[in-house]
Asks: 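Mind looking over this structure? Questions follow.
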Amino acid sequence: MKIWAPLLAVLALVIIAWLGAGVFEWTSLFGIIIPYTAFAILVLGFIYRVIKWAQSPVPFRIPTTCGQQESLPWIKQDKIENPSKTWEVVGRMALEILFFRSLFRNTQTEKREDKLGFGSSKWLWLGSLVFHWSMLIIVLRHLRYFLYPVPAFVQGLEKLDGFLQVGVPVLYLTDVFVVLGITYLFLRRVVIPQVKYISLAADYFPLFLLLGIATSGILMRYGLKVDIASVKDFAMSLVTFKPQVIPEIGTIFYVHLFLVSSLVAYFPWSKLMHAGGIFMSPTRNLANNSRAVRHINPWNYEVKTHTYEEYEDEFREKMRKVGLPLERE
Amino acid sequence: MAKLPKKEELLQYNYQVPATDWMDTPVEFKPGTYCYGAKGKNLEAVGFPNARDWSPSEEDWKLPEDWKGTVLEGIADRLSKYRSFRLFMDICVRCGACADKCHFYIGSGDPKNMPVLRAELLRSIYRRYFTTSGKLLGRLAGARDLTEEVIKEWWYYFFQCTECRRCSVYCPYGIDQAEITMMGRELLNLLGLNTDWISGPVANCYLKGNHVGLEPQTIMSNIEIMLEDIETITGKKIEPRFNRKGAEILFVAPSGDLFADPGIYTCMGYLMLFEQIGLDYTMSTYASEGGNFGFFTSNEMAKRLNAKIYAEAKRLGVKWILGGECGHMWRVINQYMDTWNGPADFLEVPVSPITGTKFTNAASTKMVHITEFTADLIYHNKIKLDPSRNDHLRVTFHDSCNTARGMGLLEEPRYILQKVCNHFYEMPEETIREKTLCCGSGAGLNAGENMEMRLRGGFPRANAVRYVHERYGVNVLANICAIDRAAFPALMNYWVPGVEVMGVHELLGNALVMDGEIERTMDLRMRPLPGKGDDDDV
């Protein structure tokens with residue numbers, strides 16, 4: 001159920017797009033209304049979620065310290081893993097966000113009879129990194145459809161991505177890598193029993209959706225070719241807010257577009273928001289300096305305590321007997 | 001207490017997952033794996049709700065009326081107060097990187113001890129009542145109804161987490177199960193559900209000043225015994241004074257160090273050091289606890305217990321505070337104390353009266369860790385050490401979870417150890433520093449009745465100790481934590497016999513050369529020092 005339901009859901013989305021745009025030719029709906037709506041949901045939803053998180057304060061300074069603290073001048077502080085200044089925190093966050101630092105630490109625990117072993121385990125890190133970076137480059141490459149003239153960095157990126165110069169059109173490495181990445185992330189979810197055990201439908205759904213998006217995109221480029229010039233004209237019409245459907249674009253394009261629309265509309269309400277959340281994680285984005293600089297809790301309130309006076313009142317005789325100084329004799 | 005299983009029996013587990021989905025796998029209260037329920041009188045003493053005697057093994061947990069509303073309101077309240085909570089409920093992708101990082105999972109194979117799944121116990125309720133998808137799709141969205149069974153499951157597993165934060169080191173988003181466990185325990189406390197082992201010490205600490213419930217005269221007599229031993233060992237008569245106004249420094253130790261073997265040896269080490277350097281300090285019978293079991297119940301309770309330290313520093317008019325060897329005590333001091341009970345503007349930025357070193361890293365809390373203080377003394381050659389007195393000991397060091405992952409105090413104790421003993425060996429890299437493995441008894445789990453679970457949780461650490469024990473002949477597990485000192489002896493006895501447990505300042509006390517002392521023939525445990533004095537019958 002956890003796997004089948006999301007798979008069927010994604011297949012349904014494909015069929016909906018195929019029927020809607022291909023058979024019924026509701027191209028305005030699938031080409032204009034849905035993409036605009038989905039994009040609006042993404043932007044507004046993302047902002048909503050971030051604001052929602054931001055509304056909850058960070059009452060305590062709780063970084064997870066992963067290295068030596070700043071203490072005595074002759075003890076070398078690990079400024080990245082245990083930052084005490086803002087720019088060091090920026091360094092730590094950059095490593096997390098760009099290179100998945102914490103995942104890089106990953107180990108695998110093995111039990112052999114009465115002994116435990118901790119082996120290095122970098123596959124999850126590698127698979128995630130390959131997937132996320134491919135995804136980022138692919139999204140940036142897509143800017144060529146939305147910008148005129150195409151910026152030099154996008155062209156450079158395309159060149160780099162296709163440097164193998166295999167086939168016509170040139171094969172983009174990221175197209176291969178993104179599929180490999182998604183496949184790996186899916187396979188480990190079904191092959192590793194413990195990961196399968198913790199997985200929810202919400203973990204499979206985005207994987208299937210992304211796979212659908214990648215497949216339809218690849219099909220468009222290498223197989224069922226679409227008219228790239230028309231796609232560009234259409235994309236430009238969308239970004240300039242003069243939307244105009246171009247009838248010649250193949251149905252596969254609408255499938256791709258609909259799946260992307262589904263993904264971006266789903267994004268803010270799903271676990272995919274880890275993309276925004278990681279920036280706000282209090283165990284990572286705070287300096288470990290709460291002994292040097294007082295951290296303020298906005299909802300800190302007075303509490304009832306057991307005062308020294310009450311304590312002395314209770315134990316005065318006993319204290320006197322053992323010669324402890326007293327406030328009141 | 002349940003009978004302890006044999007090692008072979010205990011190790012009969014694997015990491016296979018059950019055939020049934022976790023939501024359909026009910027929790028089994030097996031004796032030896034959980035603590036006794038909180039006693040009514042202890043909850044009442046600090047004004048916790050639903051104070052009554054109850055037992056987790058009974059069907060009826062005597063929950064208050066409308067317990068469900070209380071829990072849901074409690075969740076809503078905490079979601080609005082803690083960004084960590086809301087965020088950690090939302091952004092987990094269930095990648096599983098944390099799964100085999102938890103010592104309880106490693107040592108038990110119970111999948112609900114994977115941090116991710118322990119978090120899902122609470123997340124599933126969050127989804128059901130606080131997210132649209134959970135309300136609409138229910139189980140398909142990973143949501144489930146809040147039932148009494150869920151509450152029991154929470155209680156079982158949130159008191160099977162030592163808040164050690166190891167999972168958080170490996171999580172790509174820094175999701176911290178300790179934070180989720182803390183929220184879970186707060187919610188349980190709203191229903192009067194805690195453990196006897198936590199609520200007892202909390203009540204003690206609140207009324208008597210320390211967890212173990214030492215009254216002032218008992219503290220003094222315990223100290224008296226230590227002083228007699230110090231005199232026997234060193235020939236030096238020491239007279240520390242308690243509750244003394246006008247001292248420069250207030251010293252606060254975990255009460256375990258005032259109470260029992262082997263903590264008292266660490267305490268003797270402190271006292272000898274302070275005597276040797278002529279420190280102008282005092283200790284307090286009122287603020288006689290650095291640790292904070294309140295931290296294992298609720299934020300408010302933790303703050304109430306912690307308040308004594310600043311209050312006493314103010315009353316006594318000291319300049320700054322020095323803190324002893326304790327794990328969660330230092331998580332609290334480093335990350336919470338100033339925020340709760342500061343600003344400590346009646347104190348001064350700590351300066352070592354011996355070396356003149358200004359501890360700017362403690363400029364606001366005005367509280368210094370004793371290993372920072374001592375490392376500074378040694379670095380400046382202010383004390384004389386004879387590490388050969390520890391030559392019969394082969395020492396390894398266990399980083400406490402809290403000082404490692406909630407502070408980053410890694411090198412200071414190591415520096416001291418390197419100076420006070422000649423045989424020091426590190427455990428494997430994957431098991432020390434920020435990756436340190438918990439003793440399995442932290443966060444208030446060091447009771448007797450849950451010994452099987454403690455042994456399981458402590459197994460990964462013991463496994464690493466055994467490695468250096470077999471390889472280098474290590475026979476001392478040094479540490480800077482009172483819970484470690486209380487918990488490890490039983491654990492080592494079970495898993496790695498022949499390894500003793502010592503605080504860093506016990507080893508320092510052995511090596512410390514005091515002015516005018518007699519020739520040392522005994523260590524702080526009053527056992528003959530091999531190769532020294534007349535006990536050496538070669």
Side-chain angles (χ1 to χ4, degrees), chain A residues 5 53 56 58 60-62 64-72 74-75 82 100 102-103 105-107 109 114-116 118 124 193-195 197-201 203 271 273-274 277-278 280-284 288 290-295 297 299 303 305-306 308 311 315 318-319 322 324-325, chain B residues 11 17 80-84 86-87 90-91 93-94 96-97 99-100 106 111 116-117 140 142 165 168-174 176 206-207 215-217 220 242-243 286 300 303-304 307 315 334-336 338-339 342-343 361-365 372 376 405 407-411 430 434 460 463:
Chain A
W53 286 330
S56 300
V58 180
F60 304 105
R61 194 159 275 257
I62 53 164
T64 306
T65 58
C66 297
Q68 172 61 37
Q69 66 166 353
E70 179 187 15
S71 70
L72 298 161
W74 47 273
I75 293 179
N82 192 345
F100 306 172
S102 289
L103 214 46
R105 270 189 272 265
N106 197 25
T107 55
T109 310
D114 64 338
K115 283 199 169 74
L116 294 170
F118 301 93
L124 177 58
Q194 292 84 356
V195 183
Y197 199 67
I198 59 175
S199 294
L200 300 174
D203 298 314
K271 69 166 195 173
M273 276 308 286
H274 66 264
I278 185 169
M280 305 178 78
S281 180
T283 60
R284 290 291 185 272
N288 175 30
S290 37
R291 265 200 297 160
V293 184
R294 183 164 185 246
H295 180 88
N297 171 5
W299 51 262
V303 293
T305 59
H306 191 67
Y308 175 80
Y311 171 86
F315 295 111
K318 291 169 172 173
M319 291 172 80
V322 290
L324 284 167
Chain B
L11 289 170
V17 294
S80 72
K81 278 182 172 168
Y82 293 87
R83 186 176 304 163
S84 53
R86 191 178 273 284
L87 201 69
D90 282 333
I91 65 172
V93 300
R94 287 160 298 278
D100 60 354
I106 298 173
V116 49
L117 214 46
L140 190 63
R165 310 185 99 199
S168 146
V169 168
Y170 294 89
C171 175
Y173 320 121
D176 184 6
Y206 188 71
L207 296 172
E215 297 189 353
Q217 73 284 2
M220 299 318 290
F242 278 61
N243 301 3
Y286 166 68
E300 182 176 303
K303 178 178 167 172
R304 290 169 71 189
R315 184 182 76 87
N334 188 43
Q335 301 194 326
Y336 292 84
D338 201 359
T339 303
N361 65 328
S364 183
T365 55
E372 295 172 330
D376 176 64
R405 291 183 281 260
M407 190 176 185
L409 185 96
L410 307 176
E411 294 304 331
E430 298 300 340
E434 76 277 6
N463 178 71

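When reading the values below, keep in mind they use all heavy atoms of this one structure, side chains included, and skip hydrogens, waters and symmetry mates. Each chain gets a letter, A, B and so on, in the order its sequence line appears, and its residues count up from 1.
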Asks: Checking Ile62(A) against chain B: side chain, backbone, both or neither under 4.5 Å from a heavy atom?
Replies: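 Backbone plus side chain of Ile62(A), per the 4.5 Å heavy-atom cut-off to chain B.
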Asks: Considering non-hydrogen atoms only, spot the tightest contact between Gln68(A) and Leu410(B) and give its length.
Replies: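 Between these two residues, the closest heavy atoms are OE1-N, 3.2 Å.
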Asks: Between Ser71(A), Ala201(A), Ser199(A), Pro193(A), who has the most heavy-atom pairs with chain B when the cutoff is under 4.5 Å?
Replies: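 Ranked by contacts with chain B, first place is Ser71(A).
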Asks: Is Arg105(A) close to chain B through its backbone or its side chain, or both, or neither, when contacts mean heavy atoms under 4.5 Å?
Replies: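 Arg105(A) touches chain B through backbone and side-chain heavy atoms alike.
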Asks: Side chain from CB out, backbone as N, CA, C, O: work out which of these in Phe118(A) comes under 4.5 Å of a heavy atom of chain B, or both, or neither.
Replies: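 Both backbone and side chain of Phe118(A) come within 4.5 Å of chain B.
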Asks: To the nearest 0.5 Å, what is the distance between SG on Cys171(B) and CD1 on Ile91(B)?
Replies: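 Rounded to the nearest 0.5 Å, the SG-CD1 separation comes out at 7.0 Å.
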Asks: Which answer fits Asn297(A), side chain, backbone, both or neither, if we ask what part of it has an atom under 4.5 Å from a heavy atom of chain B?
Replies: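 Both backbone and side chain of Asn297(A) come within 4.5 Å of chain B.
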Asks: With respect to chain A, which residue among Met407(B), Glu215(B), Glu434(B), Glu372(B) yields the maximal number of heavy-atom pairs within a distance under 4.5 Å?
Replies: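 The candidate making the most pairs under 4.5 Å is Met407(B).
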Asks: So which of Glu430(B), Met220(B), Glu411(B), Arg165(B) has the largest heavy-atom pair count under 4.5 angstrom toward chain A?
Replies: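 The option with the most such pairs is Arg165(B).
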Asks: Quick one: do Ser364(B) and Val293(A) satisfy side chain to side chain contact (heavy atoms under 4.5 Å, CB included)? Show the steps, please.
Replies: CA-CA 5 Å; Ser364(B) 183; Val293(A) 184; 5.6 Å; no
Asks: By ring-ring contact (aromatic ring centres under 6.0 Å, His included), which residues pair with His306(A), not counting sequence neighbours?
Replies: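 His306(A) satisfies ring-ring contact (aromatic ring centres under 6.0 Å, His included) with Tyr206(B) only.
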Asks: Does any backbone or side-chain atom of Leu116(A) lie under 4.5 Å from a heavy atom of chain B? Answer side chain, backbone, both or neither.
Replies: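 Both backbone and side chain.
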Asks: Given heavy-atom pairs under 4.5 angstrom as the criterion, report whether the side chain, backbone, both or neither of Ile198(A) touches chain B.
Replies: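 Answer is both: backbone and side chain atoms of Ile198(A) are under 4.5 Å from chain B.
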Asks: Just by distance, do the side chain of Thr365(B) and the backbone of Asp338(B) share a donor-acceptor pair under 3.5 Å?
Replies: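 Side chain of Thr365(B) to backbone of Asp338(B), a donor-acceptor pair under 3.5 Å: no, none is there.
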Asks: Carefully, step by step, assess Leu87(B) and Tyr82(B) under the rule side chain to side chain contact (heavy atoms under 4.5 Å, CB included).
Replies: CA-CA 9 Å; Leu87(B) 201 69; Tyr82(B) 293 87; over 6 Å; no
Asks: Once side-chain contact (heavy atoms from CB on, under 4.5 Å) is applied, do any residues pair with Ala5(A), and if so which ones, sequence neighbours excluded?
Replies: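 side-chain contact (heavy atoms from CB on, under 4.5 Å) check on Ala5(A) returns Met1(A), Leu140(B).
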Asks: Could you tell me which of Ala99(B), Ala362(B), Gly96(B) has the largest number of non-hydrogen atom pairs under 4.5 Å with chain A?
Replies: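 Most heavy-atom pairs within the cutoff with chain A belong to Ala362(B).
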Asks: Looking only at the side chains, is there a donor atom on one of Arg284(A) and Ser102(A) sitting less than 3.5 Å from an acceptor on the other?
Replies: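 Short answer, yes.
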Asks: Quick one, Arg94(B) with Leu117(B), criterion side chain to side chain contact (heavy atoms under 4.5 Å, CB included). Give me CA distance, side-chain angles, the key distance, then yes/no.
Replies: CA-CA 9 Å; Arg94(B) 287 160 298 278; Leu117(B) 214 46; over 6 Å; no
Asks: Most heavy-atom pairs under 4.5 angstrom with chain A, which of Val93(B), Leu11(B), Asp90(B)?
Replies: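 When all of Val93(B), Leu11(B), Asp90(B) are compared, Val93(B) has the most.
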Asks: Please determine, among Val169(B), Asp376(B), Leu207(B), Asn243(B), the option with the most heavy-atom pairs under 4.5 Å with chain A.
Replies: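 Of the options given, most contacts go to Val169(B).
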Asks: Could you look at Pro343(B) and say if it's the side chain, the backbone, both or neither that has a heavy atom under 4.5 Å from chain A?
Replies: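 Contact with chain A: backbone and side chain both.
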Asks: Has the side chain of Asp176(B) got a donor or acceptor atom that lies under 3.5 Å from a matching backbone atom of Thr64(A)?
Replies: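 Looks like no, no N/O pair under 3.5 Å.
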Asks: With heavy-atom distances below 4.5 Å as the criterion, would you say the side chains of Arg315(B) and Tyr308(A) are in contact?
Replies: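 Yes; the side chains approach each other to less than 4.5 Å.
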Asks: Who among Gly342(B), Ala307(B), Gly142(B), Pro460(B) has the most heavy-atom pairs with chain A under 4.5 Å?
Replies: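 The answer is Gly342(B).
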Asks: Could you tell me which portion of Asn288(A) (side chain, backbone, both or neither) has an atom closer than 4.5 angstrom to a non-hydrogen atom of chain B?
Replies: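 Contact with chain B: side chain only.
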Asks: Between Lys115(A), His274(A), Met280(A), which has the largest tally of heavy atom pairs under 4.5 Å with chain B?
Replies: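 Among Lys115(A), His274(A), Met280(A), the one with the most close pairs to chain B is His274(A).
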Asks: Name the member of Val58(A), Asn82(A), Thr107(A) that forms the most heavy-atom pairs with chain B at distances under 4.5 Å.
Replies: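 It is Thr107(A).
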Asks: So which part of Trp299(A) gets closer than 4.5 Å to some heavy atom of chain B, the side chain, the backbone, both or neither?
Replies: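 Contact with chain B involves the side chain of Trp299(A) alone.
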